[in-house]
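All remarks here apply to the structure that follows.
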Amino acid sequence: MLKGSCCCGAVRFLVSSAPTMMGTCHCSRCRKVGASTFVFVKRSSFELISGADSITTFTPEAPYKYNRCFCSQCGTALGEVTSTADSFPVAANCIDGALTITNLFHEFVKEKPSWYDICDSAQQFPEHPHQ
Ligand SMILES: [Zn+2]
Ligand SMILES: [Zn+2]
């Protein structure tokens with residue numbers, strides 16, 4: 001069982017089965033919200049235990065389609081924790097416990113700022129891996 005939380009502790013959640021994948025997005029949007037590295041969790045294994053009232057969802061304008069949830073008290077980027085999808089990304093920074101998975105890929109590397117060096121050997125994609 002993994003625990004997750006925001007910086008101020010208002011938002012807390014549990015993840016009962018290990019996240020299936022970790023990825024890092026270097027797109028300009030993830031850079032802004034400070035949530036570039038994420039893990040995918042299954043809806044059935046995710047349980048929000050506090051802070052539902054503190055979660056605010058930002059919906060970007062097209063062509064961006066991903067909702068970004070954050071704590072309205074401390075601003076911590078949470079990922080897509082209000083998603084109804086079977087599997088959704090959660091900001092890896094919110095996971096309090098140790099993860100056994102490591103970063104699998106880097107996406108939108110073409111938008112990566114020049115001041116950030118990729119220091120692992122994970123596969124790199126210029127845009128989304130599925131395009
Ligand atoms: Zn918070
Ligand atoms: Zn991104």
Side-chain angles (χ1 to χ4, degrees):
M1 180 74 75
L2 285 169
K3 293 180 179 178
S5 62
C6 65
C7 184
C8 77
V11 177
R12 294 183 186 279
F13 59 85
L14 299 174
V15 180
S16 62
S17 62
T20 52
M21 183 179 71
M22 179 185 288
T24 299
C25 183
H26 298 278
C27 82
S28 62
R29 303 298 87 191
C30 289
R31 192 196 315 173
K32 293 291 185 191
V33 299
S36 291
T37 300
F38 51 86
V39 291
F40 273 90
V41 301
K42 292 193 175 71
R43 171 92 248 154
S44 57
S45 71
F46 182 88
E47 181 187 0
L48 187 69
I49 54 175
S50 75
D53 293 346
S54 296
I55 297 174
T56 300
T57 300
F58 168 70
T59 301
E61 293 181 11
Y64 303 107
K65 60 182 179 179
Y66 296 109
N67 291 333
R68 308 305 177 96
C69 301
F70 61 96
C71 173
S72 59
Q73 322 265 343
C74 67
T76 297
L78 301 165
E80 298 181 39
V81 296
T82 59
S83 172
T84 55
D86 289 343
S87 177
F88 53 85
V90 170
N93 291 338
C94 293
I95 304 291
D96 294 312
L99 289 164
T100 54
I101 55 172
T102 56
N103 192 53
L104 184 66
F105 65 89
H106 296 271
E107 64 179 2
F108 289 97
V109 170
K110 72 174 187 179
E111 295 184 22
K112 181 181 74 63
S114 59
W115 45 258
Y116 183 83
D117 287 329
I118 293 174
C119 297
D120 64 29
S121 56
Q123 194 170 1
Q124 298 183 21
F125 299 90
E127 297 183 344
H128 195 279
H130 303 302
Q131 285 175 343

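For ligands, and for the atoms within them, numbers begin at 1 and follow the listed sequence.
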Distance-only donor-acceptor check, side chains S72 and S54, under 3.5 Å: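 No pair is found: no donor N or O on one side chain lies under 3.5 Å from an acceptor on the other.
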Can you see which heavy atom on A77 is nearest to which on C94, and at what distance? O-SG, 3.2 Å
Applying salt bridge (charged side-chain N to carboxylate O under 4.0 Å, His left out), can you list everything that pairs with K110, at least two apart in sequence or on another chain?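 So K110 forms a salt bridge (charged side-chain N to carboxylate O under 4.0 Å, His left out) with E127.
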Tell me the protein N, O or S atoms under 2.8 Å from the Zn ion (ligand 2), in chain and number order.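 Within the sphere that stays under 2.8 Å of the Zn ion (ligand 2), the protein atoms of type N, O or S are C25 SG, C27 SG, C30 SG.
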For residues 86-100, the side chain to side chain donor-acceptor pair (under 3.5 Å) pairs (sequence neighbours left out) are S5-D96
Could you check whether any side-chain N or O of R31 sits under 3.5 Å from a backbone N or O of E111, counting only pairs where one atom can act as donor and the other as acceptor? yes
Between the side chain of D120 and the main-chain N/O of N103, is any donor-acceptor distance below 3.5 Å?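 The answer is no, because no donor-acceptor pair under 3.5 Å joins these two groups.
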Measure the acute angle between the ring planes of H26 and Y116, then classify it against the limits of 30° and 60° as parallel, tilted or perpendicular.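 It falls in the tilted class, 30° to 60°.
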Starting from the C-alpha separation in whole Å, work towards a yes-or-no answer on side chain to side chain contact (heavy atoms under 4.5 Å, CB included) for F70 and T76. CA-CA 5 Å; F70 61 96; T76 297; over 6 Å; no
Report the C-alpha separation of E80 and F38 in whole Å, then their side-chain angles, then the decisive distance to 0.1 Å, and conclude whether the side chain to side chain contact (heavy atoms under 4.5 Å, CB included) test is met. CA-CA 10 Å; E80 298 181 39; F38 51 86; over 6 Å; no
Under 2.8 Å from the Zn ion (ligand 1), protein N/O/S atoms total 4
